[in-house]
Amino acid sequence: MHGPSDPIQRERTPVITEPVPDLQLQLLIRLLGQDPRMSLPITLNVPGAVIHGDLIAHEAWKADWAQSLRRMEGPGAQLLASFPESVDQALDEMAGDDGHQGLPQWIHLRDTTCFTGTPHPVASALWRGRLADVAGWSLGKPA
């Protein structure tokens, strides 16, 4: 008779795993969030790429992002200018009354260079990625 304690049955049960963010990187990002003016040079390994840039706090990234959106032109530009604040308001509402969101789940970089194996790296003023997708990291940038 096969049941949950039967080793054959346990082997057939699929196991669902999700990527887990690096706790040390999460704590480093939280520490950096205490002073949005601070930044740290960092290199990240993510699926299909190596990215280096300056690790910044969410607040610094949001301010830079809002500034870049305000410089945009076109019919939707006015709407985009208030988008970063709208996102934060929605996140605050989702967090509940205590405003506790736990450890960071996203990483924010400024002045990034992304190497994907092509001859030319891609430069970007701002970059945001999911922490669970960071496979490895080190402080500093390549020379």
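The line from CD of Glu59 to NE2 of His108 is 9.5 Å long, rounded to the nearest 0.5 Å. For the atom pair CD1 (Ile107) and CD1 (Ile56), the distance works out to 10.5 Å, reported to the nearest 0.5 Å. Atom-to-atom distance recorded for Arg110:CZ and Leu126:CG is 7.0 Å, nearest 0.5 angstrom. The line from CG of Asp111 to NE2 of His52 is 11.0 Å long, rounded to the nearest 0.5 Å.
In this structure, Gln105 and Leu103 approach most closely via the heavy-atom pair NE2-O, 3.2 Å. The minimum heavy-atom distance between Leu131 and Pro104, with the atom names listed, is CD1-O, 3.2 Å. A pairwise comparison of heavy atoms in Pro142 and Thr43 identifies CD-OG1, 3.5 Å as the closest pair. Across every non-hydrogen atom of Gly53 and Lys141, the tightest pair is O-CE, 3.4 Å. Between Cys114 and Ile51, the closest heavy-atom pair is SG-CG1, 3.8 Å. When all heavy atoms of Trp106 and Ile29 are compared, the closest pair comes out as O-CD1, 4.0 Å.
A donor-acceptor distance shorter than 3.5 angstrom exists from the side chain of Thr112 to the backbone of Ser124, with no hydrogens or angles considered.
Val46 is connected to Leu139 through a chain of hydrophobic side-chain contacts under 4.5 Å among Ile, Leu, Val, Met, Phe, Trp and Tyr, so both are in one cluster. When the side chains of ILVMFWY residues are joined at heavy-atom separations under 4.5 Å, either directly or via intervening members, Leu44 and Met38 end up in a single hydrophobic cluster. Following chains of ILVMFWY side-chain contacts shorter than 4.5 Å, one can reach Leu28 starting from Val134, so the two form part of one hydrophobic cluster.
Contact check for Leu55 versus Trp137: no side-chain heavy atoms found under the 4.5 Å cut-off.
Among the candidates Asp22, Leu27, Leu23, the single residue satisfying the side chain to side chain contact (heavy atoms under 4.5 Å, CB included) test with Leu25 is Asp22.
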Margin query: I'd like to know whether Trp61 forms a side-chain contact (heavy atoms from CB on, under 4.5 Å) with Leu109, so could you lay out the CA-CA distance, the side-chain angles of the two residues, the decisive distance to 0.1 Å, and finally the verdict.
Written below: CA-CA 7 Å; Trp61 178 84; Leu109 303 181; over 6 Å; no
